[in-house]
2 protein chains.
Amino acid sequence: MNTLDQRIVSCLVANARSSYADIGKVVGLSAPAVKRRVDRLLDTGVLRGFTAVVDPEALGWGTEAFVEVHCHGNVAPARIRAHLEPLPEVVAAYTVSGAADAIVHLRAADIHHLEDALERLRGLEIIDRTVSTVVLSTLLERSPEPGAGSQ
Amino acid sequence: MNTLDQRIVSCLVANARSSYADIGKVVGLSAPAVKRRVDRLLDTGVLRGFTAVVDPEALGWGTEAFVEVHCHGNVAPARIRAHLEPLPEVVAAYTVSGAADAIVHLRAADIHHLEDALERLRGLEIIDRTVSTVVLSTLLERSPEPGAGSQ
DNA sequence: TCTGAAAGTTTAGCTTT
DNA sequence: AAAGCTAAACTTTCAGA
């Protein structure tokens with residue numbers, strides 16, 4: 001993982017479908033050399049894969065919320081995960097420091113669907129109490145810049 | 001945007017680098033037919049683009065936090081956005097209902113870098129007060145399933 | 001790491017349903 | 001209006017150097 005790899009990763013984050021030849025032009029390598037590095041980045045897990053960025057509105061997922069989840073007593077993270085997995089409205093979930101046990105990011109079609117998802121979330125046996133914050137607008141959404149970290 | 005398009009989008013979310021021929025095999029179309037649909041989905045904005053999924057740890061971004069931001073009086077969302085944009089640690093930001101004005105998702109190399117980023121965030125003239133929640137572990141992270149919405 | 005050649009992919013124009 | 005077919009241009013992916 002050096003500067004060259006970071007620049008290749010940057011290119012792929014910007015456009016996952018760009019050809020190895022195009023990436024090579026940017027970073028100054030031949031297409032086969034770029035491919036070998038991408039393969040190695042996939043093998044080592046630096047690159048997890050390639051995905052399409054979809055407009056949530058277009059798919060009918062226009063309403064979002066962040067939910068602080070408070071569990072009954074002590075619940076293992078794996079158990080929280082297992083309970084959240086089956087809910088398709090859960091797009092992300094994190095265990096956190098502080099008063100709450102987890103933060104859950106929900107995406108739903110509209111307010112009624114969100115209410116329904118929240119009800120199903122609250123119905124989980126491990127969950128005691130939730131505090132919801134509805135998203136009004138998305139100001140910013142981006143991937144972290146490779147190399148900007150202080151590693 | 002019909003069932004066929006949704007299945008194509010699903011394929012691309014699962015692997016943005018799969019060939020049109022491979023997608024065609026899954027959805028039952030020829031490669032050119034798939035390409036025409038993907039081009040249209042890009043034109044209409046349903047597909048925003050294609051990106052690489054990167055392991056944040058591997059890039060030196062192992063520490064995350066969610067920060068509730070409270071502004072001084074009334075601040076327009078565009079103005080909040082303009083102030084957050086220059087901070088590379090801000091990976092997402094949303095205006096929200098409730099007591100806070102915005103929720104900011106931060107990613108940093110470690111706790112010290114996170115502290116530094118928080119300090120820079122708090123230093124913004126529009127910001128009055130922040131409440132931070134540090135992420136301990138990521139339980140789940142996924143894209144919303146196309147077609148699961150109730151549109 | 002590069003070159004070079006075979007295999008596969010993209011993409012445009014044209015025909016068919 | 002949208003799918004399939006064909007064929008040229010390009011990309012990937014192996015060798016071997």
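Numbers restart at 1 for each chain; the letters A, B, ... are given by sequence-line order, proteins then strands.
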Quiz item: Are the side chains of A:S132 and A:R122 in touch, meaning some heavy atoms are under 4.5 Å apart?
Solution: yes
Exercise. Determine: side-chain N/O of A:K35 to OP1/OP2 of D:dT13, distance under 4.0 Å, yes or no.
Key: yes
Practice problem: Go through B:R36 and B:D39 one step at a time and tell me if the salt bridge (Lys or Arg N to Asp or Glu O under 4.0 Å) criterion holds. | Solution: CA-CA 5 Å; B:R36 278 189 288 255; B:D39 285 348; over 6 Å; no
Exercise. Rounded off to whole Å, could you give me the OH-to-P distance for the A:Y20 and C:dT3 pair?
Key: 19 Å
Exercise. Hey, can you tell me if A:Y94 and B:H105 have their rings parallel, tilted or perpendicular (30° and 60° cut-offs)?
Key: perpendicular
Quiz item: Is there a donor-acceptor contact under 3.5 Å from the side chain of A:R142 to the main chain of B:E85?
Solution: yes
Quiz item: A:I23 CD1 to C:dT1 P: how many Å, rounded?
Solution: 14 Å
Quiz item: Quick check: are there more than 12 heavy atoms from other residues, nucleotides or ligands sitting under 6.0 Å from NE2 of B:H70?
Solution: yes
Practice problem: Report the end-to-end axis angle of the helix from C:dT1-D:dA17 to C:dT17-D:dA1; each axis comes from five terminal pairs, and the value is rounded to 10°. | Solution: 30°
Practice problem: Test side-chain contact (heavy atoms from CB on, under 4.5 Å) on B:L41 and B:V9 and set out the steps. | Solution: CA-CA 9 Å; B:L41 290 166; B:V9 169; 3.8 Å; yes
Exercise. Examine A:L118 and A:V131 and state if one hydrophobic cluster contains both, with Ile, Leu, Val, Met, Phe, Trp and Tyr joined whenever side-chain heavy atoms are less than 4.5 Å apart.
Key: no
Please tabulate the protein-to-nucleotide N/O contacts below 3.5 Å involving nucleotides 15-17 of chain C, giving atom names and distances.
none

Quiz item: Do B:R40 and B:D43 meet the salt-bridge criterion of a basic N to acidic O distance under 4.0 Å?
Solution: no
Distances for protein N or O near nucleotides 3-6 of chain D N or O, under 3.5 Å:
residue: D:dA3; atom: OP1; partner: B:R37; partner atom: NE; Å: 3.0
residue: D:dA3; atom: OP1; partner: B:R37; partner atom: NH2; Å: 2.4
residue: D:dG4; atom: OP2; partner: B:S30; partner atom: N; Å: 2.9
residue: D:dG4; atom: OP2; partner: B:S30; partner atom: OG; Å: 2.8
residue: D:dG4; atom: N7; partner: B:R36; partner atom: NH2; Å: 2.9
residue: D:dG4; atom: O6; partner: B:R36; partner atom: NH1; Å: 3.1
residue: D:dG4; atom: O6; partner: B:R36; partner atom: NH2; Å: 3.4

Quiz item: Same cluster for A:F50 and B:L59 if Ile/Leu/Val/Met/Phe/Trp/Tyr side chains link at under 4.5 Å?
Solution: yes
Practice problem: May I have the distance from B:D22 (atom CG) to C:dA7 (atom C1'), rounded to whole angstrom? | Solution: 14 Å
Quiz item: Does A:E141 CD have over 12 foreign heavy atoms under 6.0 Å away?
Solution: yes
